[in-house]
Every structure is written in structure tokens, then in C-alpha cells.
J.: 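A single structure is presented below for examination.
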Amino acid sequence: MKKKATTEDVELLTKSWAALAEKVRLVLNEYPQLRLTQGRKVLEICLTIKWDNGKALEFLLESLGYENSNDVFPIYIGDDRTDEDAFRVTNAATPS
């Protein structure tokens with residue numbers, strides 16, 4: 001039988017998440033070549049280069065020869081702030 005989460009459970013998890021995020025931030029202070037992007041329950045650690053999910057999607061489309069194709073409609077599924085760069089790429093590729 002599954003136990004339903006109580007309000008106390010949710011509060012504990014929220015506090016634990018905040019503590020984890022703060023510890024990650026403190027560690028990353030010692031690594032200026034890394035940056036942290038935080039979303040809903042997502043900590044994304046990346047190099048401080050111009051690379052994000054949108055750049056990755058552009059790279060894939062270009063590598064496959066579809067960067068200027070009217071026959072391809074890229075679809076990206078995500079639900080977090082870390083996905084917004086990819087959404088911008090798909091919106092730019094949408095035919096008018």
C-alpha cells in the first residue's frame with residue numbers, strides 16, 4: 001500500500017532541496033568555469049561556454065542537414081526553465 005505524502009513530508013523535501021541547491025552553489029563558487037541553472041527540482045551544471053539546450057538542438061538540426069529545411073518541424077518536449085532555449089529554437093523554426 002502506498003503512503004500519501006503529508007504536508008510535513010512536502011515541507012521536509014522542500015527544505016532538503018533548498019539545502020542541496022545551496023551546497024551545490026557553494027561548491028561551484030570554487031569552479032568559475034562552471035555555471036548553475038536551476039529549475040523546478042533541476043540543478044543543471046554547465047561549462048561557462050555559450051552552450052545550452054537550444055544550441056544542442058541547433059547543432060543536431062545542422063548536423064543532420066535540416067537547419068534550413070521546410071520539410072522538418074522540430075519538436076522539443078520539456079517542462080523546465082532549463083528547456084526555454086530549445087523552445088526558442090523550435091519557435092524560430094515554425095513556419096509563418
Side-chain angles (χ1 to χ4, degrees):
M1 177 182 286
K2 290 185 179 180
K3 175 188 168 195
K4 289 191 174 192
T6 65
T7 303
E8 292 80 21
D9 293 334
V10 173
E11 288 174 4
L12 178 62
L13 287 172
T14 301
K15 288 177 185 176
S16 298
W17 176 254
L20 173 64
E22 184 57 30
K23 287 180 182 181
V24 170
R25 271 190 218 89
L26 289 172
V27 169
L28 288 181
N29 283 338
E30 299 178 29
Y31 298 91
Q33 72 276 21
L34 298 175
R35 68 177 163 86
L36 176 67
T37 302
Q38 186 171 348
R40 291 180 306 200
K41 307 302 182 219
V42 173
L43 298 174
E44 187 172 90
I45 300 169
C46 301
L47 292 171
T48 54
I49 59 174
K50 287 289 224 173
W51 191 260
D52 52 43
N53 290 350
K55 294 285 186 194
L57 181 56
E58 287 175 337
F59 172 78
L60 288 172
L61 291 171
E62 184 178 316
S63 296
L64 296 169
Y66 296 131
E67 72 272 18
N68 294 315
S69 177
N70 291 329
D71 297 330
V72 173
F73 180 73
I75 297 174
Y76 184 91
I77 299 172
D79 68 347
D80 209 273
R81 182 173 44 196
T82 60
D83 298 311
E84 290 180 7
D85 298 308
F87 293 141
R88 280 191 279 283
V89 171
T90 59
N91 287 341
T94 303
S96 304

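Being a predicted model, the structure only gives us computed values, none of them experimental.
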J.: Give, for atom CG of Leu60 and atom NZ of Lys55, the distance between the pair rounded to the nearest 0.5 Å.
T.: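 Here the interatomic distance stands at 13.5 Å.
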J.: Can you tell me how far CG of Leu12 sits from CH2 of Trp17, rounded to the nearest 0.5 angstrom?
T.: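 CG of Leu12 is found 14.5 Å from CH2 of Trp17.
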J.: Search all heavy atoms of Leu47 against all heavy atoms of Arg35 and return the closest pair with its distance.
T.: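 Looking at all heavy atoms of both residues, the closest pair is O-NE, 3.8 Å.
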J.: Salt bridge check: are Glu84 and Arg81 linked by an N-O gap of less than 4.0 Å?
T.: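 No, Glu84 and Arg81 are not salt-bridged.
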J.: Can you measure from CG (Leu28) to OG1 (Thr48) and round to the nearest 0.5 angstrom?
T.: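 Nearest 0.5 Å value for the CG-OG1 distance: 11.0 Å.
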J.: State plainly whether one hydrophobic cluster holds both Val27 and Leu20, where clusters connect Ile, Leu, Val, Met, Phe, Trp and Tyr through side-chain heavy atoms under 4.5 angstrom apart.
T.: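 Val27 clusters together with Leu20.
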J.: As a test of understanding, state which of Val89, Thr90, Asn91 forms a side-chain contact (heavy atoms from CB on, under 4.5 Å) with Pro74.
T.: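 When side-chain contact (heavy atoms from CB on, under 4.5 Å) is applied between Pro74 and each of Val89, Thr90, Asn91, only Thr90 qualifies.
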J.: In this structure, would Trp51 and Leu36 fall into the same cluster of hydrophobic residues linked by side-chain contacts under 4.5 Å?
T.: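 Shared cluster, yes.
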J.: Starting from Val24, can I reach Val42 by hopping between I/L/V/M/F/W/Y residues whose side chains sit under 4.5 Å apart?
T.: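 Each belongs to a different hydrophobic cluster.
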J.: Under 4.5 Å between any side-chain heavy atoms of Leu26 and Glu22, yes or no?
T.: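 Side chain of Leu26 against side chain of Glu22, heavy atoms only: contact under 4.5 Å found.
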J.: Answer yes or no: are there more than 12 heavy-atom neighbours, outside Ile77 itself, under 6.0 Å from its atom CD1?
T.: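 Not buried by this count: 12 neighbours or fewer within 6.0 Å.
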J.: Report whether Tyr31 and Ile45 are members of the same hydrophobic cluster (ILVMFWY, side-chain heavy atoms less than 4.5 Å apart, transitive linking).
T.: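 Same cluster.
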J.: Carefully, step by step, assess Asn53 and Asp85 under the rule side-chain hydrogen bond (donor to acceptor under 3.5 Å, both in side chains).
T.: CA-CA 6 Å; Asn53 290 350; Asp85 298 308; over 6 Å; no
J.: I'd like to know whether CZ of Phe87 has more than 12 heavy-atom contacts from other residues, nucleotides or ligands below 6.0 angstrom.
T.: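 Enclosed.
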J.: From Thr37 OG1 over to Asp52 CG, what is the distance, rounded to the nearest 0.5 angstrom?
T.: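 Answer rounded to 0.5 Å: 8.5 Å.
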